[in-house]
Structures are given as C-alpha cells and as structure tokens.
Amino acid sequence: MPSINLPNADRSISAYRLRGAPLPLVKRKASDFNRIAYAAAHVVADPLAPNDPWLTPAIDWDTTLAFRHRLWDLGLGVAEAMDTAQRGTGLGWTDAQELIRRAQNEAKTRSDVLIAYGAGTDHLVPGPDVTINDIIRAYEEQCEFVEAQGGRIILMASRALAFAAKSPSDFGHVYERVLNGVSQPVVIHWLGEMFDPALAGYWGHADHDAAMDVCLDVLAANADKIDGIKISLLSKEKEIAMRRRLPKSVRMYTGDDFNYAELIAGDAQGHSDALLGIFDAIAPVASTGLAALGAGDDRAFFALLEPTVPLSRHIFSAPTRFYKTGVVFLAYLNGLQEHFSMIGGQQSTRSLQHLAELFRLADKARALSDPDLAVARMKHVLAVHGVVG
C-alpha cells in the first residue's frame, strides 16, 4: 500500500501508510436491500467556466449526472437538489430547476431508479414583509414544478417560514395547505439548526422535544399525503423517540450522519430507512453493507458501516453546514471528478488539517476506491498549501 506525508494536529508532518482494502464496485438494485436508501447527491462545479464562483454557479452537467448513474448502479436512490447539492449555499432555485429537469431525464432512461427532489421556498428571501400566504405560494410553485417533471417531492424546511411564523399553528397551516396540493406522498425534511442556523426554532419551538410534538401532529393530520419524515438533528435518541410515535404508514428516514448504522439496523420496535449525505461519500461501502443487511448478515453490515461513522462524524463536525466540502473532497480523491472546486467557492470552508484527517479516516473506512490515485490527488492538495506529500 502507498504512503504519504500528512500534517498532524501539532503542525508536524509524518508519513502515513494506507491500509484500507478498497471494496469492489458491485452493481446492485434497490430491491436487493431491505431498507429504502437515498444518497443526497452533490453537484460538480465547472472550474473552466468564466464566472465569478462566489456569485454565479457553473455546473459540470455531464459529470454531475454521471455521478447519479453511479449511485443508481450501486442500488442507492438519489435525493436530488437537496442541502448536499448546496441548495441555499450556492445553488439557487433557477439552477435547481435545471438540475431537476436533467436528473429526471436521466432517470427516465433506466428502469431501476429511485429518485426524489427537494422542493422548498429558497427563491423567497426571508424578511418582515413575507407573509404566510407568500410562503405557501412559494412551496406550491416548487412542488408543482417537481411534479410537472414527473418527480416525487422531498418537502424541504423553509427559512422563510422559520422567520415568519408567529406560533406552531403557522407551521401546521402551511404544511396542511401545501400537502393538500400534492399528487403523491412526500418526504418531509426537518433540518436542524446545526445544518442551517436560519432554521432554529422550527415547528415553533427552540426545544426539540416540543418541536417534535408539533411535527408529529402535522404528520398525523396529513398521514395520507406523507411517505416519511427525515429528521437531521444528529441525535439517535430523538430519532428513535420520534420513530416510535409515528403514524403506522409514515416511514422514518434517518438523516443522522453521526449514528446511521445503528438507526438503520434498528431494534425490536422498528428501524429507520436512510436519506443521508454521507452515502454520497461512502456509496460503495453503504451499498455493500445494505446488501449484507438485506441478506440477514447483521455482523457484516456493522463490520462495513461502523468504520465509516468516525469519517462521517468528522465530515459533519461543526460548523456542520460545511460538510459538503468533505463530500466533494472524497469525490475528487476517488476520481469521480477531476478537480477539488465547488460552486460558491465552498472548497475553502475546511482547513488542510481537516482534509488530512479526513484522508486518514476515509482510508480506515475503506472509502478510497483507488489508494494510488487518492495519494496522488492528496499530494496535489498538499502542494497548493505548501506541504510536500
């Protein structure tokens, strides 16, 4: 196995020899799994575009869509135009519409795809003049667009609603109105403030337990319009508590990138399906682990997934909203894109120390598909920072 010189926390440089055996890329179908599993997918920037990266996104559509096919080849679903695709941090609604159009067209070329699309209110700037009716209309506009393409909806949390709501009843009113207009059951996404500080106090309460009560009331009142709920609070205790209180027809999709392995495996009272950003970064490992779980081999599932948890906790460490940088960095190391650049210039949100530790943890998690290529590309990143790898 190759070795590379990496920086340490004490500012020293030392050799690190890789040891993780790459997993073979085995084609699977979603039906091979006994859990529904979506990977929230990133977009690939176009580094050769003559744009101002902080102001105007430029997307490499061919590479972005090829990455979706890779996820489908592994049996994973695609959660499209979500937070991992930098919605709200570089990808606006206009570009999200183009992403949804193109992804849906690609999905139509296959018979084995699972895909759903984020619909929210991100084209509506929060402010004191924004009314509840404005928010409902904004949600309806995006939902109508997704369904007009033939897509299924993941109903994203709304910054505008978090700002404008005066009470928990405002949340109930908005969700009831929006859900009444959809033609297929949706996945509701409760994104915590650790991912987006503008969503603090969602469901009308700063306390997550009180907020959960409001959310559960919304789910119960609209259960026939809801496939499931994804919660991203990075707390297995809160997810399990909520999972046990869900209406029977409503699924729990884990969004817990800290504790997903045990939540997916579940307990005697139930389990979570998955809708995770980390599955973008560890897709072959996730696919192999889910196949083992589907075959009844829990031991193999945990042997594969548990080593990825330290990697995921590092990628999603505070400030958690910068996790997309780690996801894209792994795509670069694994040869899934030819550069380490992001829309909005977001590749700059993590330090070299962070990326070096990510490299070590990815190796230990068997998330590097070609160790020699990963080393070569890590050396390029080190060199830009003045370090000889």
Side-chain angles (χ1 to χ4, degrees), residues 38-68 71 78-107 115-126 138-139 141-143 145-146 149 151 153-160 162 187 189 191 195-199 230 232 255 275-281 315-316 319-332 336-337 339-350:
Y38 288 95
H42 75 281
V43 294
V44 181
D46 178 359
L48 299 181
N51 64 319
D52 296 306
W54 281 28
L55 304 177
T56 307
I59 297 172
D60 177 347
W61 292 112
D62 289 343
T63 308
T64 293
L65 295 171
F67 186 78
R68 274 84 183 136
L71 294 174
V78 172
E80 188 61 276
M82 297 286 291
D83 187 55
T84 306
Q86 296 182 246
R87 284 288 287 273
T89 57
L91 188 78
W93 174 232
T94 299
D95 292 296
Q97 287 175 285
E98 185 64 18
L99 176 60
I100 291 166
R101 282 192 201 97
R102 289 173 179 262
Q104 183 67 1
N105 286 338
E106 294 298 315
I115 189 166
Y117 303 93
T121 67
D122 49 316
H123 61 298
L124 184 65
V125 179
Y139 262 131
E141 177 184 336
Q142 295 202 12
C143 289
F145 176 82
V146 170
Q149 309 307 307
I153 293 166
I154 301 169
L155 202 61
M156 301 170 69
S158 168
R159 290 175 178 173
V187 176
H189 187 194
L191 187 66
F195 286 88
D196 186 347
L199 296 175
K230 171 187 176 178
S232 301
L275 202 167
L276 290 162
I278 192 59
F279 276 11
D280 175 301
I315 289 174
F316 286 81
T320 302
R321 64 187 181 276
F322 296 149
Y323 77 89
K324 280 83 76 175
T325 302
V327 169
V328 173
F329 184 58
L330 265 176
Y332 168 66
L336 302 173
Q337 56 188 75
H339 56 83
F340 177 43
S341 58
M342 298 173 66
I343 61 174
Q346 290 285 301
Q347 70 274 7
S348 65
T349 66
R350 294 298 200 184

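When reading the values below, keep in mind they use all heavy atoms of this one structure, side chains included, and skip hydrogens, waters and symmetry mates. We count residues from 1, following the sequence as given.
In plain terms, the two heavy atoms of A157 and L199 that are nearest each other are CB-CD1, 3.9 Å. Across every non-hydrogen atom of Q86 and I343, the tightest pair is NE2-O, 2.9 Å. Across H42 and V327, no two heavy atoms sit closer than the pair ND1-CG1, 4.1 Å. When all heavy atoms are compared, the tightest approach of A79 to Y38 is N-CD2, 3.9 Å. The heavy-atom pair separating A81 from I100 by the smallest distance is CB-CG1, 4.0 Å. Residues M156 and G120 come closest through the heavy atom pair CB-CA, 4.3 Å.
Take H189 and apply the ring-ring contact (aromatic ring centres under 6.0 Å, His included) test, not counting sequence neighbours, and it matches no residue. Every residue two or more places apart in sequence or in another chain that forms a ring-ring contact (aromatic ring centres under 6.0 Å, His included) with F145 is listed here: W93. Evaluation of the side-chain hydrogen bond (donor to acceptor under 3.5 Å, both in side chains) rule for E80 yields R68 as partners, not counting sequence neighbours.
Taking CG of L330 as the reference point, atom CZ of F340 lies at 9.5 Å (rounded to 0.5 Å). Residue W61 holds its CH2 atom at 11.5 Å from CD of E106, rounded to the nearest 0.5 Å. Atom-to-atom distance recorded for L276:CG and S232:OG is 8.0 Å, nearest 0.5 angstrom.
Between F316 and F195, the ring planes are perpendicular. Angles over 60° get that label, and only those under 30° would be called parallel.
Checked by atom type, the side-chain pair S341/Y332 shows no donor-acceptor distance below 3.5 Å. For the 3.5 Å distance criterion, the side chains of Q149 and Y117 fail to qualify, holding no donor opposite an acceptor.
With a 4.5 Å cut-off on side-chain heavy atoms, D60 and Q337 do not count as touching. At a threshold of 4.5 Å between non-hydrogen side-chain atoms, the residues P197 and R159 do not count as touching. The side-chain heavy atoms of Q142 and T121, taken from C-beta on, include no pair separated by under 4.5 Å. Between L91 and D122 the shortest side-chain heavy-atom distance does not fall below 4.5 Å. Residues F67 and D280 are in side-chain contact: their nearest non-hydrogen atoms beyond the backbone lie under 4.5 Å apart.
Side-chain atoms of D52 never come within 3.5 Å of backbone atoms of W54 as a donor-acceptor pair (strictly under, hydrogens ignored). Without hydrogens or angle criteria, N51 side chain to T56 main chain gives a donor-acceptor distance under 3.5 Å. Side chain of T64 to backbone of V43: no donor-acceptor contact under 3.5 angstrom is found.
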Test side chain to side chain contact (heavy atoms under 4.5 Å, CB included) applied to V44 and H339, step by step: CA-CA 9 Å; V44 181; H339 56 83; 3.7 Å; yes
Test side chain to side chain contact (heavy atoms under 4.5 Å, CB included) applied to I154 and M82, step by step: CA-CA 8 Å; I154 301 169; M82 297 286 291; 3.6 Å; yes
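A salt bridge between D83 and K324 is present, with a side-chain N of the basic residue lying under 4.0 Å from a carboxylate O of the acidic one. A salt bridge between E98 and R102 is present, with a side-chain N of the basic residue lying under 4.0 Å from a carboxylate O of the acidic one.
Counting heavy atoms of neighbouring residues, nucleotides and ligands inside a 6.0 Å radius, atom CG of D62 does not exceed 12 of them.
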